[in-house]
Amino acid sequence: MVERKVEAKRRLPPLPNAVPGNVVTRLPPEPSGYMHIGHALSGLLNYLYKEMYGGKVWLRFEDTDPRKVRPEYYDSYRDGYSWAGIKWDHEKCNSDDMELFYRYAAELIESGKAYACACSRETVRRLRSEGVPCEHRAQPVEVNMELWEGMLEGRFSEGEVSLRLVGDMASTNTTLRDPVIMRIVEKPHPLKGDRYRVWPTYDFAASVEDAICGVTHVLRTSEFMLRDELQDLIRSYLSMPNPTYVEYERFEFEGTPVSRREIRSLIERGVVSGWDDPRLATIASIRRRGIVPEALREFVERYVALTQSRKVYSWDLLYAINRRLIDDRAPRMFFVKDPVRIRLEGAGVLEVDVPLHPNGRLGARRLRVSGEVYVPAEDVRTVGPGGALRLKFLGNVTLRSVSDGDAEGVLDVAPPSPGLRVIQWVPVEEAVSVKVLIPGPLLNPDGTLNESSLEVVEGVAERAVSSLEVGTHVQFERFGYCVKDRSPNAFVMAHR
RNA sequence: GCCCCGGUCGUAUAGCCAGGUCAAGUAUACCGGCCUUUCGAGCCGGGGACCCGGGUUCAAAUCCCGGCCGGGGCACCA
């Protein structure tokens, strides 16, 4: 083992109020869309802190809006977190605890901390923005209880009556202005069917769940910042302990749209091919473009800060880590873009063993040449007739004549002559056509669509690339690191 | 509109809370060199930043005020 440079590996900063052995965090996805890199990074943070101090991490689906939840997304998150190397200790869905929410809701009503409100959605919104309570707030407990039971029994339809928390209608923190905590949703839940029609809203479900899961640290993005106070208030009404909050700005990447709405629109307009288009930052996309999970983990440790300043990461930061991680195991192969055929005069039939990696640990493949090879047009153009090139591991070739797409040369099977450009080559007899997708930024710096975000490079490669398994990394010499894609002889470039 | 939060090399960060050791460290990107039968990896070197203006202080990236710019919240979504 060669020891790497002793660059002090950056560790995660200490977690406030962390008691070793007793740090409980959580992964709280809403199963309403595909998982993306931001979820993975945030999940990794929750996981790594739990690992760092010792404790537990929950996977808890925030699925209390039957209208948004879709069954296929639960697995998208399970798969995504697993892929990212996260092992969770417990798993549950908020929708598993409906009876519990009903019980706590009743408790809040009895203690005068919640009331049944029959205002229209519009009225609620207006009064909240004005900071003025409505008539229902002062109702006696019995009336509230009666209405609440009516909600549960189906005596009201959606939107007619909802349960509101007694907060602070005049607070400058608008989330505190008597938020709705239970509402009727007349749509079956994908997991629970039509068993329930009264559902908790996010703040109620999350604050109760965080407490009963024993969550000690809530690490989340800062759009939730204003809800800390609300969620603490809910728990105080229920005599439940509060967690420590650590909130940070969401993770964005240069040129890459993050919102589901935006991505969906790009798909519908045919700008990208789907949720796993390599230009996107969904888990499916970054896997397809060859980012390995260890790179994500190291990225979190090295570059992520738990601050509230805006972050737009450059992909280069991730690529550099990824490149180092895959370099040792990515076999070197020859891919020639814009191929020019060179006829090698009097070369006969040759067989050479070409190492699969300069580290010598990956073995070699045998290439057979009978008189003709493909080389990149650019190299031929640069040297011109009379010039010479080194065909890596094969020999030195002096070009006699060069015409469009064709050239004649004399091969000298000898050690490399100093000063010659060393290039990759593909024997004509075993050349297969290969297509490489090169993803670039979808968005320009000004936010407009980059019209040339996907470059498709065609060329030829040695036959061995055909038998590569999907997802395998290779380095096409002098071209870049690529991953075998799912269609035959197709690759996606990860990075140079 | 109202309410929060933030602004350190191109990018991401360290430093800020406990002012001096910061003529600001690191990574990446970029430039140059070495090495290499790849334009990869590795090694060496280089340029590059405290948003602006005031104030406090012997001393400000660090504290205070204002401005500018950026992000977020104001759902019977999460």
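No hydrogens, no waters, no symmetry mates; every other heavy atom, side chains included, goes into these values. Note on naming: letters A, B, ... go to the chains in the order of the sequence lines (proteins, then strands), and numbering restarts at 1 for each one.
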If you measure from the P atom in B:rG6 to the same atom in B:rC17, how many Å do you get, rounded?
15 Å

Please measure how far the P atom in B:rG53 lies from the corresponding atom in B:rG15, and state the result in whole Å.
26 Å

Tell me every residue that passes ring-ring contact (aromatic ring centres under 6.0 Å, His included) with A:Trp88, counting only those two or more places apart in sequence or in another chain.
none

Between A:Lys311 and B:rU13, is there a side-chain N or O to OP1/OP2 distance below 4.0 Å?
yes

Does the side chain of A:Tyr319 get closer than 4.0 angstrom to OP1 or OP2 of B:rA29 through an N or O atom?
no

Contact class for A:Arg323 vs. all strands (heavy atom < 4.0 Å): base, sugar-phosphate, or nothing?
sugar-phosphate

Name the nucleic acid region contacted by A:Tyr313, choosing base, sugar-phosphate or nothing; use a 4.0 angstrom heavy-atom cut-off, strictly under.
sugar-phosphate

Ignoring hydrogens and angles, are the base of B:rU11 and the side chain of A:Glu254 linked by a donor-acceptor pair under 3.5 Å?
no

Less than 4.5 Å apart, side chain to side chain, heavy atoms only: is that true for A:Arg289 and A:Val483?
no

Could you check if a side-chain atom of A:Phe476 sits within less than 4.5 angstrom of a side-chain atom of A:Phe334, using non-hydrogen atoms only?
no

Could you list the residues that satisfy salt bridge (Lys or Arg N to Asp or Glu O under 4.0 Å) with A:Arg220, not counting sequence neighbours?
A:Asp228, A:Glu247

Please tabulate the protein-to-nucleotide N/O contacts below 3.5 Å involving nucleotides 15-19 of chain B, giving atom names and distances.
none

Taking atom types as modelled, is there a side-chain donor on A:Tyr248 or A:Ser42 under 3.5 Å from an acceptor on the other?
yes

Can you find a side-chain donor-acceptor pair between A:Asn173 and A:Ser171 that sits under 3.5 Å?
no

List the steps and the verdict of salt bridge (charged side-chain N to carboxylate O under 4.0 Å, His left out) for A:Arg264 and A:Glu262.
CA-CA 5 Å; A:Arg264 188 162 287 126; A:Glu262 208 174 344; over 6 Å; no

Would you give a per-nucleotide map of nucleotides 69-78 of chain B, 5' to 3', where B means the base has a protein non-hydrogen atom under 4.0 Å away, S means only the sugar-phosphate does, and - means neither?
-SSSSSSBBB

When you look for runs of 3 or more Watson-Crick or G-U pairs in a row, both distances below 3.5 Å, which of them include RNA chain B?
B:1-7 with B:68-74, B:10-13 with B:25-28, B:30-34 with B:42-46, B:51-55 with B:63-67

Output one line per pair: protein atom, nucleotide atom from nucleotides 30-33 of chain B, and distance, for all N/O pairs under 3.5 Å.
none

